[in-house]
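Have a look at the structure below, then the notes.
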Amino acid sequence: MVLDALSSSLKGALRKIAGASKVDPALIKEVVHDIEVALIRADINVKLVREITREIERKSLGTQPKAGMSPREHVIKVVHDELARLLGETREVRLKRQRIMLVGLYGQGKTTTAGKLGKYFQTRGLKTALIAADVHRPAAIDQLVQLGAKLSISVHFERGEKNAVKVVRSGLEKFLAHDVVIVDTAGRDALSDDLIREMEAIAKTSEAEEKLLVIDATVGQQAGPQAEAFHKAVGITGVIITKMDGSAKAGGALSAVAAVKAPVVFIGVGEKIDDLERFRPTRFIGRLLGMGDIEGILEKATEIASEEELEETGREILSGRLTLRTFYQQLEIMSRMDDSAFARMFESLPMLGGAMSGMTPDQQKVSMEMVRKYRVILDSMTGEELDEPHIIRGSRIDRIARGSGTATNDVRDMLKRYEVLRKQVSALRSNRRIRKQMMEMLGKGGGEGGFDFEELERESRGGRKR
Ligand SMILES: Nc1nc2c(ncn2[C@@H]2O[C@H](COP(=O)(O)OP(=O)(O)OP(=O)(O)O)[C@@H](O)[C@H]2O)c(=O)[nH]1
Ligand SMILES: [Mg+2]
């Protein structure tokens, strides 16, 4: 596994809050300290580590767990968001027709990665070919040819040709009918003028859409300056960090590359041809924290807290258009919660919240079951029925009950409750004080406790900005 030591320390730290019933300051301080030690051991820049742990402490203690999240999940989300910031922007190398050029210093893993990428695209249905443009080391051709043979991927090479540009040009002509062409280039032991000139010439001839820098994780934090220098010299579109397996410095390499805003697109996690992974920070962090379900937790944080959803239903209620669809949306939000969160959520749901807030916990429990049942019933209705509830009579009720596996009485019961709520809401609407309160509530929606991850995803979709 990648970054085993870091992973086990982080897991250990988070285990401390596993059973906590509230976010306790002393406990958080301890956990944050453990995380700090773990990150420094993983070779992450000390200044960065301090920044991150400060933020983890501030956000864990300074913000309330969102409804439906346990203290543990709350802290995990905060830790995730900070680690995601540390890992920086993401970008995706798209599955499409394209030319890819690999660059990098000696021995970083370019040729091996060319083979891995070849397989990556080939198995995803894109006809792929390789060009051996390392004209300086004769063995480089053999290495790529062997990889190609193993994968049944065509390789273009010209033994004895000393001009890399010529090789690339003839290779591209040969592979016109291929979807993805990957160019393996020669390394140097430093970013020399000679290397820069050669990369520029190959980039120009190949018109490569992707210029990917291959860096070995064992260089640690030096990966940052290296990525920056290559970017200045030839303009890279992404970084592939190899040898993530077993390198104690992998954290340093990843974070240093992120710090110079170069997006990591793939990581190499072994010598074998399949040891290549698309780099997805969330998944990666999930593994570091030893949690397969991290995406679920993050989803919970967005879904339940979606102010927009609440705002939208709220506005609809204010406008007087209270349809079953609105009713449904509120049930939807509620049904995502466990029972305790359900109780906490009352205040923020303008409609059902108001109607149920006077209940005892026991009555609320019944209500939760009711919410789940009603949701199934509403799921069996047509769009028209949701928008125009008054058309639901006789045979429609039979059909809905059958479709949802409930009794016709349940359907009638739900419709009755909906009708009562509709009347209550319209009474509320005519109450000016309450109306004003609701307007205020809706007016201040959004913004709080920003969700960095979403922004990250948006950025990665829009490409990198630098
Ligand atoms: N453990 C591990 N080894 C790797 C990984 N990627 C590459 N290697 C090994 O690193 C060594 C160098 O890899 P190459 O692909 O030849 O590197 P290169 O950048 O093409 O090297 P030059 O052509 O000499 O500049 C080989 O022994 C590879 O097996 C990886 O992700 N994990
Ligand atoms: Mg090579």
Side-chain angles (χ1 to χ4, degrees), residues 1-46 48-87 244-252 254-255 258 267 269 277 279-305 336-341 344 449 451-453 456:
M1 219 283 272
V2 188
L3 295 171
D4 276 329
L6 175 61
S7 175
S8 62
S9 322
L10 288 177
K11 272 188 262 183
L14 289 175
R15 207 171 294 128
K16 291 187 175 170
I17 46 168
S21 55
K22 63 183 178 61
V23 183
D24 169 42
L27 192 56
I28 292 297
K29 277 204 164 56
E30 196 183 320
V31 170
V32 165
H33 176 256
D34 289 352
I35 292 175
E36 185 170 319
V37 172
L39 293 177
I40 289 173
R41 278 211 193 113
D43 185 46
I44 291 161
N45 180 288
V46 177
L48 277 179
V49 172
R50 293 271 142 76
E51 260 173 46
I52 286 165
T53 47
R54 225 187 358 254
E55 280 303 289
I56 293 178
E57 185 169 337
R58 193 179 67 79
K59 287 183 185 150
S60 297
L61 295 171
T63 58
Q64 283 299 311
K66 303 253 152 110
M69 294 180 91
S70 66
R72 176 177 164 271
E73 289 172 337
H74 172 65
V75 175
I76 285 169
K77 185 190 172 309
V78 171
V79 172
H80 165 272
D81 288 355
E82 289 310 306
L83 291 181
R85 240 162 32 93
L86 175 77
L87 295 178
M244 289 289 292
D245 49 310
S247 168
K249 291 189 159 186
L254 271 178
S255 57
I267 51 176
V269 294
E277 292 177 9
F279 184 63
R280 296 194 185 93
T282 294
R283 172 108 53 93
F284 187 77
I285 293 166
R287 269 198 304 180
L288 282 183
L289 302 179
M291 301 173 37
D293 64 336
I294 189 145
E295 277 167 356
I297 290 178
L298 298 176
E299 248 169 47
K300 220 166 164 183
T302 30
E303 281 185 358
I304 290 176
R336 289 185 207 132
M337 298 170 216
D338 60 29
D339 292 345
S340 66
R344 262 183 286 153
F451 189 56
D452 296 340
F453 177 67
L456 247 167

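Keep in mind that this is a model prediction, so the values were computed, not measured.
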Checklist outcome for this item: Rounded to the nearest 0.5 angstrom, the CD-CD1 distance for E277 and I267 is 4.5 Å
Next on the checklist: Holding to side-chain hydrogen bond (donor to acceptor under 3.5 Å, both in side chains), I want the full list of residues that pass it with E57, two or more places apart in sequence or in another chain.
Outcome noted: K29
Next on the checklist: Quick check: closest heavy atoms across V78 and S60, and the distance to 0.1 Å?
Outcome noted: CG1-OG, 3.8 Å
Checklist entry - What distance do L87 atom CG and R280 atom CZ have between them, rounded to the nearest 0.5 Å? => result 14.5 Å
Checklist entry - Any Lys/Arg nitrogen of E82 or R85 sitting under 4.0 Å from an Asp/Glu carboxylate oxygen of the other? => result yes
Checklist outcome for this item: Taken to the nearest 0.5 Å, the spacing of L86 CG from I52 CD1 works out to 4.0 Å
Checklist entry - Any side-chain heavy atom of L10 within less than 4.5 Å of one from L83? => result yes
Item to check | Rounded distance [0.5 Å steps], CG in N45 versus CG in L39 | outcome: 11.0 Å
Checklist entry - Do T63 and H74 have side chains that get closer than 4.5 Å, going by heavy atoms? => result yes
Checklist entry - Can you name the closest pair of heavy atoms from G252 and S255 and give their distance? => result O-OG, 3.3 Å
Checklist entry - Which distance, rounded to the nearest 0.5 Å, do you find between the CG of L6 and the CG of L254? => result 10.0 Å
Item to check | Beyond-backbone contact of M244 with F284, side-chain heavy atoms, under 4.5 angstrom | outcome: yes
Checklist entry - Listed by chain and number, what are the salt bridge (Lys or Arg N to Asp or Glu O under 4.0 Å) partners of R50, not counting sequence neighbours? => result E36
Item to check | Spacing of CG belonging to L14 relative to CD1 belonging to I35, to within rounding of 0.5 Å | outcome: 5.5 Å
